[in-house]
Amino acid sequence: MTVLLLATDELKEELFAHPVSEEIELNWITDPNDFILGQSVDACIDLIFENTTGRIAWLKSLQASITIINSVVVPLHRIHDHFIRINGWPTFLKKPVVEAAAVIGPLQRKAEELLTCFGRTADWIPDIAGFITPRVVASIINEAFFTLEENVSTEAEIDIAMKLGTNYPFGPFEWGKKIGLQNIYSLLATLSREKNRYTPSLLLKQTALA
């Protein structure tokens, strides 16, 4: 199976955290412009997906039997029904279970077969903004910024307290930097249009947009 992978060095490393099937013939690029038009592709995994008309048209032009995109914030009904969404935020892709969403049922089986080749299983989530885990983690990071705003403690102390008290792999500020605060802010801003409890901290907004 020929798989076209669009990913940064870091995301590729996370994807390869588990053994990859020998059936996979990988073509890894970091920019769509590096792809030679006319090459045959059985599947495409775009971990650096951008929700633009040009990117969507380019992915469709590949005519891959399955296309998986890293789109945590934007649901498929605003992108393309024939794609599969996954939570490919940094630090989450290392896990053996990947949160995924599909609009067309039969595509789930194809996606599961492809993910299995990368040592992953899919946890199918409704096609909603933020999936489940990113919503929770983004909320925790947001609360940490509210705490910092109120001068309750320092970044370092909050990180240490959360790691020791909850056994999280990272403190909220540490985690936010790894994921990217722009990603966190974008998700919270989207979710807050429906529920006020997701309203981003002013400090988080300022830091993310700086």
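Residue numbers start at 1 and run along the sequence shown.
Residues Phe173 and Ile141 are not in side-chain contact: their nearest non-hydrogen atoms beyond the backbone lie 4.5 Å or more apart. Using a 4.5 Å heavy-atom cutoff, the side chains of Phe118 and Ile45 are in contact. Put simply, the side chain of Thr116 does not reach to within 4.5 Å of the side chain of Thr121, judged on heavy atoms. A heavy-atom distance below 4.5 Å is found between the side chains of Lys178 and Phe170. Looking at heavy atoms from C-beta onward, Glu99 lies out of side-chain contact with Phe92 at the 4.5 angstrom threshold. With a 4.5 Å cut-off on side-chain heavy atoms, Thr199 and Leu188 do not count as touching. Looking at heavy atoms from C-beta onward, Thr67 lies out of side-chain contact with Asp46 at the 4.5 angstrom threshold. Considering only heavy atoms from C-beta on, Leu15 stays 4.5 Å or farther from Lys12 through its side chain.
Remark: Gln39 CD is packed, more than 12 non-hydrogen atoms of other residues, nucleotides or ligands lying under 6.0 Å away. Surrounding CG of Leu209 are more than 12 heavy atoms belonging to other residues, nucleotides or ligands, all under 6.0 Å away. No more than 12 heavy-atom neighbours from other residues, nucleotides or ligands sit within 6.0 angstrom of CG on Asn167.
The two residues Ala100 and Ile84 have their closest heavy-atom pair at CB-CG2, 4.5 Å. Counting all heavy atoms, side chain and backbone alike, Pro96 lies closest to His18 at N-NE2, 3.7 Å. In terms of heavy-atom proximity, Trp89 sits nearest to Glu14 at O-OE1, 4.3 Å.
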Start with the C-alpha gap between Leu47 and Leu6, add the side-chain angles, then the distance that decides, and say whether side chain to side chain contact (heavy atoms under 4.5 Å, CB included) holds. CA-CA 6 Å; Leu47 297 180; Leu6 286 87; over 6 Å; no
Take Glu112 and Trp124 through the test side chain to side chain donor-acceptor pair (under 3.5 Å) and record every step on the way to the result. CA-CA 10 Å; Glu112 288 171 352; Trp124 294 104; 2.7 Å; yes
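Residue Ser201 forms a side chain to side chain donor-acceptor pair (under 3.5 Å) with just one option from Glu149, Gln206, Glu150, and that option is Glu149. Ile48 pairs in a side-chain contact (heavy atoms from CB on, under 4.5 Å) with only one of the listed residues (Leu11, Asp31, Ile69), which is Leu11.
Annotation: cation-pi geometry not satisfied between Arg85 and Phe49 (NZ/CZ under 6.0 angstrom from ring centroid, within 45° of ring axis).
The residues Glu13 and Lys94 are annotated as not salt-bridged, no charged nitrogen and carboxylate oxygen being separated by less than 4.0 angstrom.
No path of Ile, Leu, Val, Met, Phe, Trp and Tyr side chains, each step under 4.5 Å between heavy atoms, connects Trp175 with Ile160, placing them in separate hydrophobic clusters. In the hydrophobic clustering of ILVMFWY residues, with side-chain heavy atoms under 4.5 Å counting as a link, Leu181 and Phe146 come out apart. At a threshold of 4.5 Å between side-chain heavy atoms, the hydrophobic network of Ile, Leu, Val, Met, Phe, Trp and Tyr places Trp58 and Ile56 in one connected group. Tracing side-chain contacts under 4.5 Å through hydrophobic residues (I, L, V, M, F, W, Y), one never reaches Leu93 starting from Val97; they form parts of separate clusters.
Judged purely by atom type and a 3.5 angstrom limit, Asp42 uses its side chain to pair as donor or acceptor with the backbone of Thr2. For the pair Asn142 (side chain) and Ala138 (backbone), a donor-acceptor distance under 3.5 Å is absent. Side chain of Asp81 to backbone of Phe83: no donor-acceptor contact under 3.5 angstrom is found.
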